[in-house]
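Remarks on the structure that follows.
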Number of protein chains: 2
Amino acid sequence: MSPIDALAEKLPTGRLLTDPDVVDSYARDRTFLEPGKALGVVLATTRDDVVATMRWASEHRVPVVPRGAGTGLAGGATATEGSVVLSLIRMNAIRELSPADEIAVVEPGVITADLDRAAREHGLMYAPDPSSYEISTIGGNLATNAGGLRCVKYGVTRDSALGLEVVLADGRVLNTGRRTVKGVTGYDLTGLFVGSEGTLGVITAATVRLRRAPLAPPATFAAEFGSLREAAAAVSAIIAAGCQPSLMELLDRATLEAIDDWRHIGLEPATRAMLIGQSDAADGQAVALRMQELCEANGATFVAVSSTPAEAEELIAVRRMAYQAKERLGACLVEDVCVPRSALPEMITAIEAAAARHDVKICTVAHAGDGNLHPVFIFEHGTAEPPAEVWAAADEVFTKALELGGTLTGEHGVGLLKRRWLDLEAGPVVSEVQRGIKAVFDPLGILNPGKAI
Amino acid sequence: MSPIDALAEKLPTGRLLTDPDVVDSYARDRTFLEPGKALGVVLATTRDDVVATMRWASEHRVPVVPRGAGTGLAGGATATEGSVVLSLIRMNAIRELSPADEIAVVEPGVITADLDRAAREHGLMYAPDPSSYEISTIGGNLATNAGGLRCVKYGVTRDSALGLEVVLADGRVLNTGRRTVKGVTGYDLTGLFVGSEGTLGVITAATVRLRRAPLAPPATFAAEFGSLREAAAAVSAIIAAGCQPSLMELLDRATLEAIDDWRHIGLEPATRAMLIGQSDAADGQAVALRMQELCEANGATFVAVSSTPAEAEELIAVRRMAYQAKERLGACLVEDVCVPRSALPEMITAIEAAAARHDVKICTVAHAGDGNLHPVFIFEHGTAEPPAEVWAAADEVFTKALELGGTLTGEHGVGLLKRRWLDLEAGPVVSEVQRGIKAVFDPLGILNPGKAI
């Protein structure tokens with residue numbers, strides 16, 4: 001009996017898919033990366049399915065590629081040759097939601113925004129909001145330690161993860177963490193799994209922290225600047241003034257042009273950058289006006305402040321259009337460097353220089369309060385892989401980010417895409433230690449091999 | 001040449017102490033635990049001293065017990081027989097403080113409150129504030145993932161640690177994390193070291209996050225209740241109303257009596273519990289008044305709200321007296337269970353029942369907003385170890401905390417004291433995984449052996 005037939009016998013009917021077209025549809029994420037040919041897809045519906053799959057994989061030495069919704073931007077869920085894809089999308093129950101303890105216990109396939117909506121029925125929210133949160137899953141968010149727009153105020157996915165249920169490579173079940181907000185018994189295994197991109201185990205449940213939802217809709221401003229340096233100075237001033245924005249996004253000229261070409265937002269010729277910010281504090285309107293003042297004091301040529309939720313929506317809509325506007329221009333390599341906040345202007349200048357030097361179109365959006373930039377490198381649709389000049393420009397951007405004390409990836413993860421630059425950031429001792437940890441959890445190397453570390 | 005003489009040769013003069021009385025003074029923490037006889041104490045002044053010590057220790061297979069100020073409450077820094085104590089107290093430089101990036105780079109011997117004061121000169125603060133923060137070190141705080149009073153709003157030490165420089169058991173230097181607030185390159189090694197109680201490596205520098213200091217002094221309330229259940233209900237109501245207290249402490253009758261015996265605070269016969277809370281928000285006074293209302297709505301018999309900083313100090317002073325007041329009663333076993341917030345009343349009831357059943361005096365203070373309780377078991381001064389009835393009562397308390405979905409230790413760590421209960425919480429798979437991780441970092445088992453896991 002072939003290994004894949006043996007797997008079929010271990011699982012309830014219908015949980016293993018082997019039709020090549022179907023398998024291929026579960027083999028990709030949102031990158032351009034071409035997957036290897038996988039043997040099949042397990043649509044896990046229970047923890048037992050995951051245990052059976054991992055036991056079988058250990059027995060037959062078959063690589064397993066865990067996956068959520070496949071919205072990743074680094075190739076973490078790209079299927080590798082001869083692997084089995086383990087989809088957690090059907091394990092989508094919110095098992096518990098406790099308003100008194102402000103926690104939820106969820107399965108990995110729960111859609112991020114669905115958990116947030118469920119929490120809001122109780123005056124709570126699930127804070128992490130990656131841009132894909134209407135289609136991404138909690139499991140994928142945990143695997144990549146996803147960030148988002150609100151994390152400037154509320155932190156990343158790690159900051160909302162209290163405990164995990166994990167199936168290890170050999171099928172053993174590990175419970176990490178707890179239901180309490182504090183706790184220091186033993187090593188922080190929860191933190192170790194968050195961001196490990198499916199290389200240490202398969203998360204089958206998570207206890208997550210909920211937070212009080214703001215009582216009023218957020219107050220919003222949008223400010224236009226004649227230079228990126230002034231916009232970055234406004235960001236620093238807003239943070240230094242203790243405004244605690246719940247969102248603060250910076251869009252460069254290239255991004256604004258892409259949006260204007262598509263939706264005609266009336267972009268002024270002199271506008272080089274737009275800063276969009278929100279406050280969800282009880283006195284949010286006053287904070288938004290204070291942020292307006294700080295933008296003006298730092299050279300903003302025009303600042304709009306919303307006075308109704310509808311106006312706020314209109315201002316924020318520009319930010320929401322950014323990614324789709326870029327996709328109209330060509331294929332996109334979405335990058336994710338993060339630098340200390342004070343280095344934001346220098347990083348943006350370096351991105352513009354790399355674009356000019358290599359004649360590559362780069363549109364940049366930044367979660368400015370966190371120093372996290374998404375330079376999007378545009379190249380021709382239909383090419384299998386970005387051309388050499390894109391990689392040359394990306395290489396310069398990565399090198400500069402590290403030189404500024406930053407990191408290759410603020411919130412997308414390493415996946416396959418960023419592995420070749422990893423040694424520049426991590427160094428040999430980190431690599432040795434990471435390989436040692438990987439071997440503790442996955443001695444046969446069957447869990448998402450070739451990813452993350 | 002004896003091993004200890006070989007160590008003396010590796011270190012600059014004056015860095016190794018071997019006088020038995022001096023060594024003994026570095027061998028204890030704040031517990032009653034009797035240390036083993038250590039060979040000597042290294043007063044590390046530079047990272048090179050730490051590297052030399054660890055290389056020597058690996059060569060000679062000598063256990064090393066890292067220590068900060070020795071303010072621990074679980075025996076994590078208690079010297080073991082034949083070990084060398086590695087004191088980091090002299091490595092106390094604040095290497096960098098960047099207001100623009102809201103970070104500091106500090107050595108492990110920096111006193112927690114000193115870092116906070118340095119940050120406040122720039123309108124910032126270092127948020128974690130364990131009760132010992134005027135004498136504890138950042139290194140010790142990192143080793144135990146220390147909490148504190150403010151962590152109900154600002155999180156524990158882990159939430160302020162961005163990156164670490166660590167000397168491994170064999171003397172290699174590992175740099176974890178980054179200077180940015182976000183980053184997902186590789187596994188979260190920073191989180192793994194925080195709370196590992198010196199069993200995985202010796203922290204020689206840390207990049208920590210600073211936060212904006214509140215603009216105004218906190219507004220404070222103190223409320224008296226005729227029952228613990230009403231006080232706990234007030235806690236839940238305050239959290240549910242989104243008041244975001246920056247401190248919320250609960251004191252039981254036994255604690256209040258201990259304070260009243262000492263300082264005559266005019267304790268009413270019917271008062272069973274006191275709740276003390278603060279808001280450091282811009283509209284803190286209004287929030288304090290709202291918290292007062294919520295206390296009254298939940299049965300408070302009397303609530304005072306400060307209208308000046310001096311009055312706030314007076315209200316909070318009662319909380320500050322708690323530990324000293326208990327020390328007047330006898331020797332103290334300070335425990336540290338943490339339960340989901342909704343289980344607070346049940347946990348307190350169980351503590352009172354255990355006290356009555358075993359005829360043991362237990363005074364409890366809780367970081368109520370976090371569900372973190374410190375039941376202090378009082379026993380006769382001069383006994384080497386708590387008597388059997390204290391352990392029997394403690395055993396009941398631990399078992400109940402776990403039954404309620406809680407943990408043995410919210411912020412003190414496992415050390416030596418809590419190891420015998422560890423299996424009840426962690427289970428065999430966690431133990432196996434932890435031992436595997438320990439072996440990656442410390443294959444010879446020389447780093448603080450017998451502690452934490």
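Just so we're clear, the structure is a prediction, and the values are computed from it rather than from any experiment. Each chain gets a letter, A, B and so on, in the order the sequences are listed, and its residues count up from 1.
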Where is the tightest heavy-atom contact between [X] and [Y], given as atom of each residue plus distance?
X       : Y       : result
K438(B) : Y187(A) : CD-OH, 3.8 Å
V430(A) : L174(B) : CG2-CD1, 3.5 Å
D101(B) : P340(A) : OD2-CB, 3.3 Å
T185(B) : T409(A) : OG1-CG2, 3.8 Å
R212(A) : G242(B) : CG-CA, 3.9 Å
V440(B) : G436(A) : CG2-O, 3.4 Å

Relative to chain A, which segment of [X] carries a heavy atom at a distance below 4.5 Å: side chain, backbone, both, or neither?
X       : value
R435(B) : neither
R178(B) : side chain
F441(B) : side chain
E425(B) : side chain
L189(B) : side chain

Determine whether D188(A) and N145(B) make a side-chain contact, defined as any pair of heavy atoms from C-beta on separated by less than 4.5 Å.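 D188(A) vs N145(B): side chains apart.
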Heavy atoms only, distances under 4.5 angstrom: which of [options] has the most pairs with chain B? Name it, please.
options                            : result
E102(A), R211(A), E197(A)          : E102(A)
A241(A), A240(A), G405(A), S236(A) : A240(A)
L408(A), V433(A), L404(A), N175(A) : V433(A)
T190(A), L124(A), L200(A), V414(A) : L200(A)
S342(A), G191(A), P214(A)          : S342(A)

Could you check whether atom CG of L424(A) has more than 12 heavy atoms from other residues, nucleotides or ligands sitting under 6.0 Å from it?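 Yes, enclosed.
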Among the options [options], pick out the one with the most heavy-atom pairs lying under 4.5 Å from chain A.
options                            : answer
H367(B), R179(B), R158(B), Q244(B) : R179(B)
G371(B), G195(B), G186(B)          : G186(B)
V152(B), D336(B), L168(B), T199(B) : T199(B)

For T180(A), the option from N372(B), D370(B), V337(B), T407(B) that meets side-chain contact (heavy atoms from CB on, under 4.5 Å):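 One option only clears the test, and that one is T407(B).
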Under the 3.5 angstrom rule, does the side chain of R341(B) hit a backbone N or O of A100(A) as a donor-acceptor pair?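 Yes, because the side chain of R341(B) sits within donor-acceptor range (under 3.5 Å) of the backbone of A100(A).
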Which bit of S98(A) is near chain B, if near means a heavy-atom gap under 4.5 Å: side chain, backbone, both or neither?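 The answer is neither part of S98(A).
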Heavy-atom distances under 4.5 Å only: say whether I239(A) touches chain B with side chain, backbone, both or neither.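 Both backbone and side chain.
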